[in-house]
Amino acid sequence: MTDTRDALKRYADAWAALTPEDVEPLRAVLAETVRFVDPFNDITGKDAVLSSLAESYRRFQSVSVTVHDQAIGATAAYLRWTYIFTTRRGRRFAIEGMSEMRFDGTGRALLHHDHWDAAGQIYEKVPVLGGVLRLIRRRV
């Protein structure tokens, strides 16, 4: 049985090692039946997750993940992070969020669920759509 703290560190290190050219560092820390959930995806299976990440990372000129904090709960582990990417057109985004992970007995991730504000951190920066969303946010 793998210690959750060790599994979380290996997992965070694998994410930090990802590049637009290579998402393979994650292969060793994902369970075959891993489920990956974020505001854009709900994917099950190691190969499907890696394929989706590779496709999304290829759209970027650069990517970095910085983990700021981590916590271990009764049934899950958590990472607070900043995900910075630059699009092929040179537009830079910095996303602040938190990931909830659950690990199997061998220390591989069974669940990776990202929690972050897609509207405030992505959509509001899109020219026309952003103005509409900011107006809605002010009225609510």
Working to the nearest 0.5 angstrom, can you tell me the gap between [X] [atom1] and [Y] [atom2]?
X      : Y      : atom1 : atom2 : answer
Phe36  : Leu53  : CZ    : CG    : 5.5 Å
Glu24  : Thr19  : CD    : OG1   : 10.5 Å
Leu79  : Met98  : CG    : CE    : 9.0 Å
Asp114 : Met101 : CG    : CE    : 8.5 Å
Tyr83  : Phe93  : OH    : CZ    : 11.5 Å
Phe103 : Ile72  : CZ    : CD1   : 7.5 Å

Below 4.5 Å, heavy atoms only, C-beta onward: do [X] and [Y] meet side chain to side chain?
X     : Y      : answer
Trp81 : Trp15  : no
Leu18 : Leu26  : yes
Thr33 : Leu110 : yes
Asp69 : Tyr78  : no
Asp38 : Trp116 : yes
Arg35 : Asp42  : yes

Work out which heavy atom in [X] is nearest to a heavy atom in [Y]; give both atom names and the distance.
X      : Y     : value
Thr87  : Gln61 : O-OE1, 3.3 Å
Ala14  : Pro25 : CB-O, 3.5 Å
Leu111 : Val34 : N-CG2, 4.3 Å
Glu100 : Ala76 : CG-CB, 4.1 Å

_Modelled atom types, side-chain donor and acceptor of Thr106 and Arg108, under 3.5 Å_ =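 Yes, Arg108 and Thr106 have a side-chain donor paired with an acceptor closer than 3.5 Å.
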*If you measure only the distance, is there a donor-acceptor pair under 3.5 Å linking the side chains of Thr66 and Thr82?*
no
*Give a yes or no answer on whether the side chain of Lys46 reaches the backbone of Arg27 with a donor-acceptor pair at less than 3.5 Å.*
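Checked: pair present.
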*Would you find a donor on one side and an acceptor on the other, under 3.5 Å apart, between the side chain of Arg92 and the backbone of Ile84?*
no
*Group every Ile, Leu, Val, Met, Phe, Trp and Tyr by side-chain heavy-atom contacts under 4.5 Å, then state whether Val65 and Val49 land in the same group.*
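Both belong to a single hydrophobic cluster.
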*asked:* Let me check something: do Leu50 and Tyr11 share a hydrophobic cluster, defined by ILVMFWY side-chain heavy atoms less than 4.5 Å apart, either directly or through other members?
replied: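 The answer is yes; both residues are in one hydrophobic cluster.
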*Which one of His113, His112, Gln70 satisfies the side-chain hydrogen bond (donor to acceptor under 3.5 Å, both in side chains) criterion with Ser99?*
His112
*Please lay out, stage by stage, how Lys9 and Asp13 fare under the test salt bridge (Lys or Arg N to Asp or Glu O under 4.0 Å).*
CA-CA 6 Å; Lys9 177 170 181 0; Asp13 290 347; 2.7 Å; yes
